[in-house]
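Protein chains get the first letters and strands the later ones, always in sequence-line order, with residue 1 at the start of each. What's counted below: heavy atoms across the whole structure, side chains too, no hydrogens, waters or symmetry copies.
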Protein chains: 2
Amino acid sequence: MTATQARRATRQGAAVEEVLRAADGFRTAQEVFAAAVAAGHRIGLTTVYRHLNSLAEDGRADVVHAGDGEAQYRLCGADDGGGHHHHVVCRTCGRSEEVAAPEVERWAERVAGAAGYTEVSHTVEVFGLCPEHATHPRATRS
Amino acid sequence: MTATQARRATRQGAAVEEVLRAADGFRTAQEVFAAAVAAGHRIGLTTVYRHLNSLAEDGRADVVHAGDGEAQYRLCGADDGGGHHHHVVCRTCGRSEEVAAPEVERWAERVAGAAGYTEVSHTVEVFGLCPEHATHPRATRS
DNA sequence: GCATGAAACGGGAACCGTTGTCATCTACTG
DNA sequence: CAGTAGATGACAACGGTTCCCGTTTCATGC
């Protein structure tokens, strides 16, 4: 299961990756589709979903579920050796910063183990407003 | 504004809470609906959703989005004040343990702040298999 | 370069969970 | 006990995602 040589090289697959690479943040499948079409690519929504899922499966893309039932995708380093990571995502523009979270990993393992749970997985997503989209300084910010 | 006495006391509202209380884990809205009907309550799916959302809004229930677009609900201590907490949820039966996560709270604030993000919120869900549903030790690394 | 088999594509329908609509019903108040 | 605001629920609408299946395109051998 090393070589997940799933897909054949196609224009559409390239288009999806291209759109994803051009965006420096998370995008929904529909946004990717719209962007690809806008860029002149001939591609169907179904195909966008197919490629997005393939990328996610192969670990070439990260997925977050924003909580309102809309999955968002983002390209990430092909085989980011050992680095399971998380993101801080801007609620407004989808921009994101990648952050490592060794403490959180350990914490998850520990509390789950303490409760007797096995095969532990976890989802950690941090949402916020990036500097550019920060609202009026409600606290003491200058 | 303390008493968010939003809803009138009705049989249906009681039924939803009853079902939720009987289950010691997370349940989807549809499951709650099915259980209520099975228990002989006369109630509609719409109403189940309404009460579930009310409970969640008032902080009387926790919600997790299992990642496949299905929200799951669980009763929790009425007004547990500042106690923002998380859960370890069994993938198979929905059973869950409540866990406090002060370190994670701090971590989220810190990394988001470091990246210049404000209005930070986060979702942390840990999934696993409870002792009862553990599979044979497969040595699989997540 | 061209034929060929297989994989990928894509339009539209199907699905599924969730929310909106609105006429009817019911829990509370006076 | 009657009046009324609010709750209910059957059904339709909705939005995101997946399935279906005939058509197109890729990759390869000739």
Side-chain angles (χ1 to χ4, degrees), chain A residues 3-20 26-58 60-74 89 94 125, chain B residues 3-20 23 26-58 60-74 89 94 123 125:
Chain A
T4 315
Q5 182 55 47
R7 314 229 156 257
R8 196 150 62 177
T10 63
R11 308 174 205 294
Q12 290 85 352
V16 169
E17 288 205 37
E18 184 189 311
V19 169
L20 239 32
F26 282 86
R27 293 297 146 93
T28 67
Q30 319 262 348
E31 285 171 341
V32 172
F33 170 63
V37 170
H41 295 290
R42 186 168 59 76
I43 190 172
L45 183 55
T46 304
T47 302
V48 170
Y49 274 105
R50 252 194 298 255
H51 281 282
L52 251 20
N53 285 333
S54 279
L55 288 171
E57 225 167 76
D58 294 359
R60 294 206 298 275
D62 295 316
V63 194
V64 308
H65 292 90
D68 58 351
E70 259 188 303
Q72 305 195 110
Y73 303 81
R74 177 189 207 258
V89 185
E125 302 303 342
Chain B
T4 315
Q5 182 56 48
R7 314 227 158 258
R8 198 149 61 176
T10 64
R11 308 174 203 294
Q12 290 86 349
V16 169
E17 288 206 36
E18 183 189 311
V19 169
L20 239 32
F26 282 86
R27 293 297 146 94
T28 66
Q30 320 260 349
E31 285 172 342
V32 172
F33 170 63
V37 170
H41 296 290
R42 185 169 59 77
I43 189 173
L45 183 56
T46 305
T47 303
V48 171
Y49 274 104
R50 253 193 297 253
H51 282 281
L52 252 20
N53 284 333
S54 279
L55 289 171
E57 225 168 76
D58 294 357
R60 293 206 300 273
D62 296 317
V63 195
V64 308
H65 292 91
D68 57 352
E70 260 187 302
Q72 305 194 113
Y73 302 81
R74 178 188 206 258
V89 186
T123 66
E125 303 302 342

Peer 1: Would you mind reporting whether A:Tyr73 and A:Leu55 have side-chain heavy atoms less than 4.5 Å apart?
Peer 2: no

Peer 1: Atom CZ of B:Arg11 and atom C1' of C:dC25: how far apart are they, to the nearest Å?
Peer 2: 11 Å

Peer 1: As an exercise, state the distance from CG of B:Asp68 to NE2 of A:His65, rounded to the nearest 0.5 Å.
Peer 2: 7.5 Å

Peer 1: Just one of A:Arg27, A:Gln72, A:His51 clears the side chain to side chain contact (heavy atoms under 4.5 Å, CB included) bar with A:Val32, so which one?
Peer 2: A:Arg27

Peer 1: If each of B:Thr10 and B:Gln72 is mapped to the nucleotide of DNA chain C with the nearest heavy atom, which maps nearer the 5' terminus, i.e. the 5' end?
Peer 2: B:Gln72

Peer 1: Regarding B:Asn53, tell me which of base, sugar-phosphate or nothing describes its non-hydrogen contacts under 4.0 Å with the strands shown.
Peer 2: sugar-phosphate

Peer 1: When the distance from CG of A:Asp68 to P of C:dC16 is rounded to whole Å, what number comes out?
Peer 2: 21 Å

Peer 1: Would you work out how much the helix from C:dG1-D:dC30 to C:dG30-D:dC1 bends between its ends, with each end axis defined by five base pairs, to 10 degrees?
Peer 2: 20°

Peer 1: Does a side-chain heavy-atom distance below 4.5 Å link B:Val48 with B:Val19?
Peer 2: no

Peer 1: Which residues in residues 33-47 of chain A have at least one heavy atom lying under 4.0 Å from any atom of DNA chain D?
Peer 2: A:Arg42, A:Leu45, A:Thr46

Peer 1: Return the value, rounded to whole Å, for the distance between atom CD of B:Glu31 and atom P of C:dT18.
Peer 2: 11 Å

Peer 1: Please confirm whether the shortest side-chain N or O distance from B:Gln12 to OP1 or OP2 of D:dA7 is below 4.0 Å.
Peer 2: no

Peer 1: When you measure from the side chain of B:Glu31 to the backbone of B:Thr28, do you find a donor-acceptor pair of N or O atoms at a distance under 3.5 Å?
Peer 2: yes

Peer 1: Closest approach to the side chain of A:Gln30, judged atom by atom: which nucleotide of D:dT17, C:dC28, C:dT18 is it?
Peer 2: D:dT17

Peer 1: Tell me the interatomic distance from A:His65, atom NE2, to C:dG17, atom P, rounded to whole angstroms.
Peer 2: 15 Å

Peer 1: To the nearest 0.5 angstrom, please state how far the CD atom of B:Glu70 sits from the CZ atom of B:Phe26.
Peer 2: 14.0 Å

Peer 1: With rounding to the nearest 0.5 angstrom, report the OG1 to CZ distance, B:Thr47 to B:Phe33.
Peer 2: 9.0 Å

Peer 1: Closest nucleotide of DNA chain D for B:His51 versus for A:Ala29: which of these residues is on the 5' side?
Peer 2: B:His51

Peer 1: For C:dT18 and B:Tyr49 - does any side-chain N or O of the residue sit under 4.0 Å from the phosphate oxygens OP1/OP2?
Peer 2: yes

Peer 1: Is there a donor on the side chain of B:Arg8 or the base of C:dC28 sitting less than 3.5 Å from an acceptor on the other?
Peer 2: no

Peer 1: Give the rounded distance in Å between these two atoms: CD of B:Glu70 and C1' of C:dC15.
Peer 2: 12 Å

Peer 1: Grab the CG-P distance between B:Leu52 and C:dT19 for me, whole Å please.
Peer 2: 10 Å

Peer 1: Check whether any side-chain heavy atom of B:Glu18 sits under 4.5 Å from a side-chain heavy atom of B:His41, and report yes or no.
Peer 2: yes

Peer 1: Roughly how far, to the nearest 0.5 Å, is CZ of B:Arg42 from CD of B:Gln12?
Peer 2: 6.5 Å

Peer 1: Atom CD of B:Glu57 to atom C1' of C:dT18: distance rounded to whole Å?
Peer 2: 15 Å

Peer 1: I'd like to check B:Leu52 versus B:Val63 (side-chain heavy atoms, cut-off strictly below 4.5 Å). Are they in contact?
Peer 2: no

Peer 1: Would you classify A:Arg50 as touching base, sugar-phosphate or nothing, given that sugar-phosphate means primed atoms plus P, OP1 and OP2, and contacts are heavy atoms under 4.0 Å?
Peer 2: base

